[in-house]
Amino acid sequence: MVVEFIDAHRDRFGVDPICRVLSEHDCKIAPSTYYAAKKRLPSARSVSDEALLVEIVRVHGDPKISRVLYGGGKVWHQRAARVTRWPGARWSG
């Protein structure tokens with residue numbers, strides 16, 4: 001979240017000044033930490049979550065399936081009915 005904030009304002013203020021002001025206000029982040037976070041590959045969990053989100057949006061927004069009336073429970077059951085399509089996906093009901 002801090003990285004996204006810095007991304008949104010870095011063109012106007014620069015990374016070093018933003019990190020300095022954030023650190024003065026008890027949100028300690030070094031510029032090197034910001035740059036390391038930008039270089040890091042996404043975790044397996046975040047990649048899996050993104051694929052899952054795409055499918056949830058598809059199920060929720062498809063009028064043939066849900067008429068946009070699906071809540072979390074119905075989306076979960078729709079997903080559970082198609083569980084073989086998501087090997088390794090994490091869900092708790």
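The backbone N or O of M1 lies less than 3.5 Å from a partner atom in the side chain of E4, making a donor-acceptor pair.
Residue pairs meeting the salt bridge (Lys or Arg N to Asp or Glu O under 4.0 Å) criterion with at least one partner in residues 31-42, sequence neighbours excluded, are D7-K38.
Every side chain to side chain donor-acceptor pair (under 3.5 Å) that R10 has, sequence neighbours left out, goes to Y34. Looking at residues two or more places apart in sequence or on another chain, you find a ring-ring contact (aromatic ring centres under 6.0 Å, His included) between F5 and H9. In this view, S32 and A30 satisfy the side chain to side chain contact (heavy atoms under 4.5 Å, CB included) rule, not counting sequence neighbours. Under the side chain to side chain contact (heavy atoms under 4.5 Å, CB included) criterion, S23 pairs with K28, sequence neighbours left out. Listed by chain and residue number, I6, L22, C27, I29 satisfy the side chain to side chain contact (heavy atoms under 4.5 Å, CB included) test with V2 (two or more places apart in sequence, or in another chain). When the side chain to side chain contact (heavy atoms under 4.5 Å, CB included) test is applied to P31, the partners found at least two apart in sequence or on another chain are V15, D16, C19, Y35.
Hydrophobic cluster membership of V21, counting Ile, Leu, Val, Met, Phe, Trp and Tyr whose side-chain heavy atoms lie under 4.5 Å apart directly or via other members: none, as it forms a cluster of its own.
Here the closest non-hydrogen pair linking S43 and S46 is O-OG, 2.9 Å.
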